[in-house]
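These notes concern the structure reproduced below.
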Number of protein chains: 2
Amino acid sequence: MESPFLADCPARLTVELIADKWTAVVLYGLSDGPVRHGELAELIGGISRKVLTQTLRRLELHGLVNRHAYAEVPPRVEYELTPLGATLIDPIHMLTEWARENGEAVLDALDVNERKPPRAAA
Amino acid sequence: MESPFLADCPARLTVELIADKWTAVVLYGLSDGPVRHGELAELIGGISRKVLTQTLRRLELHGLVNRHAYAEVPPRVEYELTPLGATLIDPIHMLTEWARENGEAVLDALDVNERKPPRAAA
DNA sequence: CTGTATCCTCGAAGATACTG
DNA sequence: CAGTATCTTCGAGGATACAG
């Protein structure tokens, strides 16, 4: 009943780890070194503080990100990739590069296909 | 107000294209050549027909997948990657390879971190 | 500055039954 | 076999206000 080739395979884990609106973007935002919470929020743009925190928490939990809170006033908290997290940057870069190269083509296809009624295919 | 480095960049497009529970898996399932609807469902496992169809439709719309319906009885419909869609396989493979190599480490981290109360960090 | 709590919306995804 | 329609559930993510 269960699944053939991917059901419990680790690949699924990774996909689910990244497959939300922000995770990949957050990781990308951390790829140049430690960043503060607010800084990261601005860098990314469009993400709410709550969701950013949630995302970072999950990444921390999964061992991909380290959180370092400085006992200062005002508070300062920096996040950075763990060595494990850093290894995910390459795959993510592949995706962004793909986008840079093929993003236009996707938009074109979208544009063309939207002019045709859904199932009037040739 | 808007965003710094990724807001409208094509990378976001790709992430959003893949960032759902099934898209990457479906693409992966098509990476070996044309597959029939039901075949694909079984191959993936755990996906409902409805969601599979929806996913394929969106991929078709974005120019990543081709749908070929044969006028037979019983009906046969095959899906396959377009050349554009095929270029996405490499990045996706990167992810699955990452998972194969680091999936365990992630689970370990998860395991360790779950024994500590959330914010009692050292 | 950082983080949490609460409320709310919206769409993804599942179950099921039905059509071509 | 392929696909659609309907109903429902569930959680991600946004807004806001507040706390340390």
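Every chain is numbered from 1 and lettered A, B, ... according to where its sequence line falls, protein lines coming before strand lines.
Of the candidates dT2(C), dG13(D), dA13(C), dT2(C) carries the atom nearest the His37(A) side chain, counting heavy atoms from C-beta on. Listed candidates were dG14(D), dC1(D), dC1(C). Nearest to the side chain of Pro74(A) is dC1(C). In this structure, the nucleotide among dC1(D), dG3(D), dG13(D) sitting nearest to the side chain of Arg36(B) is dC1(D). Distance from the side chain of Thr53(B) is smallest for dT4(D) among the nucleotides dG3(C), dT4(D), dG14(D).
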### Message
Walk along nucleotides 15-20 of chain D from 5' to 3' and tag each nucleotide B, S or - by protein heavy-atom contact under 4.0 Å, base first, then sugar-phosphate.
### Response
B----B
### Task
Just do the side chain to side chain contact (heavy atoms under 4.5 Å, CB included) check on Leu17(B) and Leu95(A) with the steps written out, would you?
CA-CA 11 Å; Leu17(B) 199 56; Leu95(A) 287 177; over 6 Å; no
#### Entry: Stepwise side chain to side chain contact (heavy atoms under 4.5 Å, CB included) check, Thr96(A) with Thr14(B)
CA-CA 7 Å; Thr96(A) 65; Thr14(B) 307; over 6 Å; no
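When atom types are taken as modelled, the side chain of Asn102(A) and the backbone of Leu84(B) share no donor-acceptor pair closer than 3.5 angstrom. Proximity of a side-chain donor or acceptor of His62(A) to a complementary backbone N or O of Arg58(A) within less than 3.5 Å is detected.
Between the CD atom of Glu78(B) and the P atom of dA2(D) there is a distance of 9 Å, given to the nearest Å. One atom, CD of Gln54(A), and another, C1' of dG11(D), lie 10 Å apart when rounded to the nearest Å. Between the P atom of dA12(D) and the CG atom of Asp20(A) lies a distance of 8 Å, rounded to the nearest Å. A straight line from CD1 of Ile47(B) to C1' of dG3(D) spans 14 Å, rounded to a whole angstrom. Remark: P of dC10(D) and NZ of Lys21(B) are 13 Å apart, rounded to the nearest angstrom. The CD1 atom of Ile44(B) sits 15 Å away from the C1' atom of dG14(C) (whole-angstrom rounding). Taking atom CZ on Arg58(B) and atom P on dG3(D), their separation rounds to 16 Å, with Å as the unit. Here dA2(D) presents its C1' atom at 14 Å from CD of Glu39(B), a figure rounded to the nearest Å.
Phosphate proximity of dG3(D) to Tyr79(B): present, with a side-chain N or O under 4.0 Å from OP1 or OP2. For dT4(D), one of the phosphate oxygens OP1 or OP2 lies less than 4.0 angstrom from a side-chain nitrogen or oxygen of Arg57(B). Between Arg49(A) and dG13(D), a side-chain N or O to OP1/OP2 separation shorter than 4.0 Å is absent.
Residue pairs meeting the salt bridge (Lys or Arg N to Asp or Glu O under 4.0 Å) criterion with at least one member in residues 81-107 of chain A: none, sequence neighbours excluded.
Val26(B) places none of its side-chain heavy atoms less than 4.5 Å from the side chain of Val65(B).
Ring orientation note: the planes of His37(B) and Tyr79(B) are tilted relative to one another, at an angle of 30° to 60°.
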